[in-house]
Amino acid sequence: MLNAIQFSSFSEFLNMGGYAFNVWSVYGLFTIFLGANLLVPMFKKKQILKDLKRRRVVNKNARPEINE
Amino acid sequence: MWLWFSKLGSPKWFYELSGRWLPWLVAAMFAFLFVGVVWALLFVPQDYQQGLTNRIFYVHVPVASISLAFFPLMAIAGTITLVWKMKLADIVVKTAAPLGAWFTAFALASGSIWGIDTWGTWWIWDGRLTSLLFQFFLLIGVVSLRSALEDSDAAAKACALLSIVGCINVVVIKYSVDWWNTLHQPGTDFVLSSNKANGPDIWVPLVLMIGAVYLFFAVSMIMSTRNEILERERRSQWVEELVDNL
Amino acid sequence: MTVGNSTPTSAAFLSTLKRDLLIAYRRKNDVVNPFMFFFIVVSLFPIAISPDADKLGEIAAGVLWIAALLAGMLSMDSLFRADYEDGSLEQLLLSPHPLYFMVLAKNISHWLVSGLPVVLVSPVLAYMLNLPAESYMTLFLTLLLGTPVLSLLGSIGVALTVGLGSRGLILAVITLPMNVPVLITGTLAVQQTLNGATLAFYLAILGAMLLASIALAPLASAAALRISVN
Amino acid sequence: MTVGNSTPTSAAFLSTLKRDLLIAYRRKNDVVNPFMFFFIVVSLFPIAISPDADKLGEIAAGVLWIAALLAGMLSMDSLFRADYEDGSLEQLLLSPHPLYFMVLAKNISHWLVSGLPVVLVSPVLAYMLNLPAESYMTLFLTLLLGTPVLSLLGSIGVALTVGLGSRGLILAVITLPMNVPVLITGTLAVQQTLNGATLAFYLAILGAMLLASIALAPLASAAALRISVN
Amino acid sequence: MLSAANLFCERDDRVLFQGLNFDIEEGQVLQIVGSNGSGKTTLMRILCGLNDGYKGMISWYGEEISEQIENFYQSLLYIGHRVGVNKVLTPIENLRWGCSLQAQLEDEQLMEALSTVGLRGFEESQCFTLSAGQQQRVSLAKLLVSPAKLWVLDEPFTTLDLRAVQHLENLVAAHADAGGAVMITTHHDLKITNLSKLDLG
Amino acid sequence: MLSAANLFCERDDRVLFQGLNFDIEEGQVLQIVGSNGSGKTTLMRILCGLNDGYKGMISWYGEEISEQIENFYQSLLYIGHRVGVNKVLTPIENLRWGCSLQAQLEDEQLMEALSTVGLRGFEESQCFTLSAGQQQRVSLAKLLVSPAKLWVLDEPFTTLDLRAVQHLENLVAAHADAGGAVMITTHHDLKITNLSKLDLG
Ligand code: HEM
Ligand SMILES: Nc1ncnc2c1ncn2[C@@H]1O[C@H](COP(=O)(O)OP(=O)(O)OP(=O)(O)O)[C@@H](O)[C@H]1O
Ligand SMILES: Nc1ncnc2c1ncn2[C@@H]1O[C@H](COP(=O)(O)OP(=O)(O)OP(=O)(O)O)[C@@H](O)[C@H]1O
Ligand SMILES: [Mg+2]
Ligand SMILES: [Mg+2]
């Protein structure tokens, strides 16, 4: 069922039968698209937890009143 | 059933459940993605008309077809928000809108790049393209409305309503744009999938990629949903415990 | 306590309509500006594209429709704003009548004041842009049926954004895409009747859109208002 | 009293610029919406006029200029409004520095945020509207020089109307006519360079307009602000 | 007539009130007291159906309020922080529209109400030429002609001068005596017999 | 330092004040009193140059004010009804910009000022998440770091709680003691020695 690899060399693969720009830019954008939507929520989670931690500490210690 | 429904509405329950599922989903996503991409790039035979640009097919089609599902999804979640005031549904409306905009943007971009060689132009004012473009605009509208409304309760309801209205509109726009286009450019049909009939070499990687993109959609939605839950429930006991245990 | 008879909804509807027309009459800017805006935007096109009569004639219908759409949409902002700010909107929400009719009354008054003048002046501008003479009637009738749809749809967007401090262009971004079907029908009507299609077909479609939006849009606006006032 | 060194005007200028950019970064809508409006308005034209590439190519330059003008003008509203409402504008008027520079800083930040994205995306839209490829550069450069002029002129109108409760379309009616010379120069440049004229001439004119409006418009805006705050 | 059971409201993660129970009966004047930001305005808006960010049960003559919202609105007069007076209309035009939603009244009745609240001679001036206190009076003129049994007044004394305050207090007392009910917030001490208070802290 | 001679102001055909003469000297606290609408805010805005609908002469250290507006503005700190706090910026960002127009300060000084007014822990929250009183405090933090000699404060006590009011009064007194001058409106009784009053009726 599986065809053979369609390319005989790596440079041929990179060249994509002359459509290198189109194919690779689409796959590049695809990577960005996936990456952004996976990494951004990941970092955001870290940030949120850090922020919550900080606030937890602040809420325990701070007196939100005027200090004389 | 109802119990399950209301439990699903409980953010804490969802957070814990999704926390257990997420690693598996991520693993499955990467597996599908890896096999799908390698197959699509390396093994799929050249198309007699399009040459090797048919590789674009395997990312364009899954993303484009899922992007059409966003407004229905948001409209359903929005209805649940308005009628049953379920918090989780609003979170879905909130996280789906930007992700939908990404999906739509990528469908537009990959389609355009594909078009460079198949049509000889990046863009034509064809019915399907135009309606997808306007879907993109409407999604940006939902995102903007959300970010403009500072009061989160009002924002939730306003976006839910806009999603419902927008869903109707996406449908109407699609039909009217098709009508407009076919009256004007009867010839501009896509060089669509004559591919489909061509046997498993062509469609198995497509199925894999569709699976991968669906999994990606699920993973990304779940991750943003979990973040949103953390932010909204930050005063609740279970989040405080979670934070303290870090 | 001097108590009168309780009001039928029709009387409340008329009273709201009359009030809004009276306010528009007092604030003449609201009447004149959409009209002026329409005029100015349309006259930018001969300047920006070409003063050539033939070229203008080809694009005239589209330009007039787009300018009418923009003028309508940008004038919508005043539909609920003053009422929101002075508290009248709350009074409206607390009236014992279906909000649907109250919103409809405001929509009608707004269209009479800012949409109708644009429709009425459109033949003049069509002449200035050299629209083919056979199309005047089509343009006029489609605008007459189409601009109220635009108003009704726009009012949903306005109701959603009335509570925002800084609105900027968000109203436009929300509502412009919704107007596409109307725009398509209107401009197709002008082009296709020139090619021999029957006007009645397009008018029927616009009429159906108008009926649907009269039936549904005020409901959505009413729901949106309740959300915004919250 | 902890007293620092008194501020040179350049530092106050930079601080105001930075603040406005920061606000724009926080209120992402102000950045995204003018851009989206531009995009949406431009995409209405193929729908309203014709999806035919050749026809679109003829009107592309004019359409892009008009859409940029409208987007710029309608986004202007946010230039001073929030500051007026929260009192920051008064603080600006009471700063020991020439108001000219403060207004200029706000104008620059506003253009960077709402004008520049429009200019940057214009080649893409030019492509979609099938503008002749030779004209991309002309269009881009004329917009790059022309939109700041539109912003600077618009800011006078905004400063005059910032105190008005209901603005509606009055800003548009005031400022659109002022923008006609820029529009003419910009679109002529595109047409005439296609016919072989030199671009430099038009760029020189636009450059002169830009210099003149940098020199004068903030003065007028500053005066208008003093009047509006009164 | 109006009763609330087990009301709970939270805004911005801060609980404003919880487990709140109270009734208003005919003839009663209920003053809601509490410091700034304690939720007085929020409570009133919840009761009037302008805000649905609450949990609990509100009923009107024993039935749930959402079941019979039109009856309720027919009997309700709410005057909030923003008084609902359009600036370009004249007092008489404002009053005419404001009342027309609930009752059909003759212009003479409206004119009389306006002159009772001290606006004789101003009936035909546009409201932006009136002072803040006079605008407040326009909205209070509604109290004189409305058929509503329940008045909900949110800080109605702001910007009023002493004589007007006195007049309004008398009006409130008279309304209660005639079988109406009044719910009112103010930081000012009311000299009304039969006053009950609800303290939000 | 600041003196007004024969000031006259009319708004909407109503004379607010006429023949008004007064001086503010170093070390003085001047409270402007008067009923609502008597023109307190208008007077302050006239003195600051935000309103030019007046007749008369205002001078700064003996010279006409318009001749040396930049010197004057270098020494002036005005906090009006609208306090100049942007809602989307954080307190530290607001303070940084607000001060940068007059003086170059280090971030540490600003942080310290914010924690002195009780905003420790809120330096990085956007201001729309702060309560009205906290927003007011952001603007008052400027008093701690500004080099201005003349403070013009229009109802600075609104929305502040009792401790904050006390703190602000101390601040005003200390500023006067250190050779500054303060002009202030409030309906509240100031417990400050060496207070002069100007009554607008
Ligand atoms: C900007 C340009 C394009 C856009 C916005 C676009 C949009 C879409 C959308 C929305 C779909 C999903 C349709 C559905 O699931 O019902 C789709 C599917 C597809 N597109 Fe594109 N497309 C573009 C360009 C192209 C080009 C240039 C080609 C190839 C020549 C292409 C080939 C396909 C194919 C084969 C499918 C699958 C068809 C099907 O499942 O019915 N597209 N596209
Ligand atoms: N639109 C809003 N969004 C979020 N929170 C709000 C909103 N309006 C008010 N709040 C919060 O709700 C609380 C109660 O406000 P409310 O206006 O009910 O107070 P109040 O008792 O009427 O005060 P006042 O005496 O100042 O009128 C306040 O703490 C405020 O921060
Ligand atoms: N923008 C305006 N246009 C016309 N008249 C105005 C304007 N602002 C205020 N006035 C009038 O000027 C008078 C004085 O107003 P001002 O705001 O100075 O009063 P105030 O003493 O500060 O009152 P308060 O104690 O309420 O702050 C008022 O009678 C008002 O009607
Ligand atoms: Mg209140
Ligand atoms: Mg005042």
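Here is how names work: the chains are called A, B, and so on, in the same order as the sequence lines, proteins then strands, and each is numbered from 1.
Nearest heavy-atom pair, B:A154 versus C:I227, reported as atom, atom and distance to 0.1 Å: O-CG2, 3.6 Å. Here the closest non-hydrogen pair linking C:V173 and B:G141 is CG1-CA, 3.9 Å. Between C:A220 and B:L161, the shortest heavy-atom contact is O-CD2, 3.6 Å.
How far CG of B:L145 is from OG1 of C:T161: 7.5 Å, rounded to the nearest 0.5 Å. Atom CD1 of residue B:I168 and atom CE of residue C:M178 lie 9.5 Å apart, to the nearest 0.5 angstrom. Distance check: C:I174 CD1 to B:L138 CG gives 9.5 Å after rounding to the nearest 0.5 Å. One distance of note links CD1 of C:I156 with CG of B:L162; it measures 9.0 Å at 0.5 Å rounding.
Within the 4.5 angstrom heavy-atom criterion, atoms from both the backbone and the side chain of C:T185 approach chain B. Residue contact with chain C, scored on non-hydrogen atoms closer than 4.5 Å, involves the side chain of B:V165 exclusively. Only the side chain of C:I205 has a heavy atom closer than 4.5 Å to any heavy atom of chain B.
For the set B:I164, B:I173, B:V142, the entry with the most heavy-atom pairs within less than 4.5 Å of chain C is B:I173. When B:Y175, B:F137, B:F134 are compared by the number of non-hydrogen pairs under 4.5 Å with chain C, B:F134 comes out ahead.
Taking non-hydrogen atoms and a 4.5 Å limit, the residue list of residues 211-225 of chain B in contact with chain C is empty.
Counting non-hydrogen atoms of neighbouring residues, nucleotides and ligands closer than 6.0 angstrom, the CZ atom of C:F201 exceeds 12 such neighbours.
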